[in-house]
Amino acid sequence: MEFSTRAIHVGQEADPSTGATITPIFQTSTYTQQGLGEHKGYEYSRTHNPTRSALEACLASLENADYGLAFASGLAAASAVLSTLRPGDHVVAGDDLYGGSYRLFEKILRPMGVQIDYVPAADVAAYGEAIRPKTRMIWAETPTNPLLNLVDIAAVAKIANERGVTLVVDNTFATPYLQRPLDLGAHVVVHSTTKYINGHSDVIGGAVLTSDHKLYDEIKFYQNAAGGVPSPFDSWLTLRGVKTLAVRMRQHCENARRVADFLAGHPRVQKVYYPGLATHPDHALAKCQMRDFGGMVSFAFEGTRADVDAFVRRLKLFALAESLGGVESLCCHPASMTHGSIPKEERERRGITDTLLRLSVGIEDADDLIADLDQALGKQTQTHAAPKKVKVEAGARG
Ligand SMILES: *Cc1c(COP(=O)(O)O)cnc(C)c1O
């Protein structure tokens with residue numbers, strides 16, 4: 001079965017008790033048992049829920065995995081994978097990570113005695129060089145956030161396999177429609193289903209997909225023991241969203257390509273980061289590792305932080321907001337939003353400057369999106385009201 005067919009059918013057979021064509025929302029915490037130790041495979045909804053099972057089966061199929069586990073958020077999914085580590089274990093991670101993953105590594109894992117080293121995300125050899133006797137896991141994200149560098153998954157998987165290390169790939173940005181890390185040799189895929197998989201910016205969710213039976217057992221145990229599961233309704237919404245993943249991704253990619261081309265030709269834009277541009281350093285790798293180039297476009301603004309502020313205030317269609325992967329277009333300022341929990345020096349070292357913006361290009365009409373960017377870029381910077389001071393506790397963002 002091809003991808004779009006699996007997205008609509010796998011795990012979603014008609015309900016045997018009623019014939020309901022669409023998987024019902026099994027909004028129940030418990031299940032009536034027939035006798036002592038006799039039940040229909042469901043006892044308590046933290047452990048198993050049929051709506052969640054349908055989602056887990058569908059997502060596993062889309063990543064060509066034997067097993068799927070759904071979680072209450074992408075970070076709950078990541079935590080479940082990281083729960084397989086023990087004090088003294090070592091992780092090698094790409095350095096251009098989702099800010100929340102970095103926070104999880106630094107503020108939760110490190111104090112628990114897990115060592116983490118970061119390597120330049122796109123530098124394949126660096127992953128191998130950072131491996132030590134206690135290294136258990138490599139954590140990679142590709143394309144990276146927000147600079148859209150690529151990690152050569154097959155090459156890193158080869159190193160991981162030779163050295164007996166588990167390779168985990170956060171596939172949130174690419175989605176299984178564009179890229180399937182397990183097919184390239186990775187052992188575990190993590191998703192924030194909040195993004196493209198659900199696709200409608202109305203659910204927080206996550207998933208872990210793997211064909212490694214032992215890891216699955218450990219992570220499944222943790223899912224039940226720690227309890228970060230999605231509700232039946234959230235599972236249902238995500239299952240509904242994923243049905244249109246293929247068509248949405250095709251439109252996201254087409255629109256992003258148009259937006260990237262437009263930005264690349266605009267005098268107020270210093271640099272465009274999009275793997276679909278021939279000028280992108282990983283363009284050739286993107287062509288063979290991914291089906292298409294994705295819906296995320298980042299760009300550096302020619303000007304000051306105040307110019308960037310004026311630009312985002314003028315946008316009408318692009319909403320200034322965190323997150324990505326929904327049908328509507330969003331614009332994010334990583335330095336103050338998604339990556340606000342990374343210390344400034346560390347952030348700037350990675351190229352996440354105050355004038356970098358990240359677009360999640362939606363599936364509106366591309367002409368309207370370009371017209372919006374054009375009007376917001378076009379005008380000269382005007383003096384504008386001093387920004388409202390909003391006090392946010394350090395590390396509390398996103
Ligand atoms: C959003 C995101 C996460 C975290 O997911 P939540 O659902 O917000 O917990 C992890 N990785 C990437 C790449 C993300 O974009």
Side-chain angles (χ1 to χ4, degrees), residues 55 59 63 69-83 91 93-109 118 121 137 139-151 153 168-179 181 186 188-209 223 226-231 234-235 237-238 241-242 245 249 252 273 275 290 294-298 321-326 330-334 337-342 350 352 358-361 395-398:
L55 174 65
L59 296 181
E63 285 286 4
L69 292 164
F71 290 88
S73 70
L75 286 175
S79 303
V81 173
L82 296 169
S83 78
V91 180
D95 66 354
D96 194 8
L97 278 189
Y98 175 68
S101 304
Y102 178 79
R103 181 175 52 196
L104 180 59
F105 285 138
E106 289 303 311
K107 299 283 161 75
I108 308 287
L109 239 60
Y118 300 94
M137 197 177 274
W139 191 281
E141 204 178 298
T142 179
T144 65
N145 176 18
L147 293 174
L148 304 166
N149 292 311
L150 261 68
V151 178
I153 299 173
V168 182
V169 175
D170 181 334
N171 203 26
T172 301
F173 268 41
T175 83
Y177 179 69
L178 298 182
Q179 162 180 292
V188 180
V189 165
V190 171
H191 274 287
S192 168
T193 56
T194 310
K195 316 294 166 53
Y196 288 106
I197 286 185
N198 177 60
H200 294 75
S201 305
D202 48 15
V203 181
I204 298 286
V208 174
L209 301 315
Q223 182 195 41
V229 294
S231 73
D234 284 358
S235 301
L237 277 173
T238 306
V242 80
L245 181 62
M249 289 316 292
H252 280 297
Y273 302 84
M290 302 171 73
M296 302 301 296
V297 179
S298 294
E322 297 200 6
S323 200
L324 60 113
L330 303 179
C331 174
C332 160
H333 181 243
M337 297 165 76
T338 48
H339 292 61
S341 52
I342 300 178
R350 296 184 190 185
I352 306 167
R358 185 192 80 183
L359 303 178
S360 172
V361 181
R397 303 175 183 85

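Numbering of ligands and ligand atoms starts at 1, following listing order. Position 1 is the first residue of the sequence, and the numbers go up from there.
- Within the structure, the closest approach of Gly205 to ligand 1 falls below 4.0 Å when heavy atoms are considered.
- Atom numbering of ligand 1 starts at 1 in the shown order; those under 4.0 Å from a heavy atom of Ser192 are 1 (C), 2 (C), 3 (C), 4 (C), 5 (O), 6 (P), 7 (O).
- Counting atoms of ligand 1 from 1 in the listed order, those under 4.0 Å from a heavy atom of Asp170 are 10 (C), 11 (N), 12 (C), 13 (C).
- Using a 4.0 Å cut-off between heavy atoms, Thr194 contacts ligand 1 through its side chain alone, with no backbone atom that close.
- Of the N or O atoms in Asn145, none lie within a sub-3.5 Å distance of an N or O in ligand 1.
- Side-chain atoms of Ser298 do not come within 3.5 Å of backbone N or O of Arg358 as any donor-acceptor pair.
- Residues Ile153 and Gln179 form a side-chain contact, since some pair of their non-hydrogen atoms from C-beta on lies under 4.5 Å apart.
- The protein atom (non-hydrogen) at minimum distance from atom 4 (C) of ligand 1 is Tyr98 CE2, 3.4 Å.
- Both cation-pi conditions hold for Arg350 and Tyr102: the charged atom is under 6.0 angstrom from the six-membered ring centre and inside a 45 degree cone around its axis.
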side-chain contact (heavy atoms from CB on, under 4.5 Å) between Leu324 and Leu330, worked out: CA-CA 7 Å; Leu324 60 113; Leu330 303 179; 5.5 Å; no
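- For atom 6 (P) of ligand 1, the nearest non-hydrogen atom of the protein is Gly74 N, 3.3 Å.
- Atom CG in Asn149 sits 8.5 Å away from atom CG in Asp95 (nearest 0.5 Å).
- Close contacts between ligand 1 and Glu141 involve ligand atoms 13 (C) [criterion: under 4.0 Å to a heavy atom].
- Panel note: side chain Thr194, backbone Gly205; a donor-acceptor pair is recorded below 3.5 Å.
- Atom 2 (C) of ligand 1 has Lys195 NZ, 2.5 Å as its closest protein atom, hydrogens excluded (heavy atom only).
- Residues Leu150 and Pro275 form a side-chain contact, since some pair of their non-hydrogen atoms from C-beta on lies under 4.5 Å apart.
- Here's the thing with Leu75: one of its N/O atoms is less than 3.5 angstrom from an N/O atom of ligand 1.
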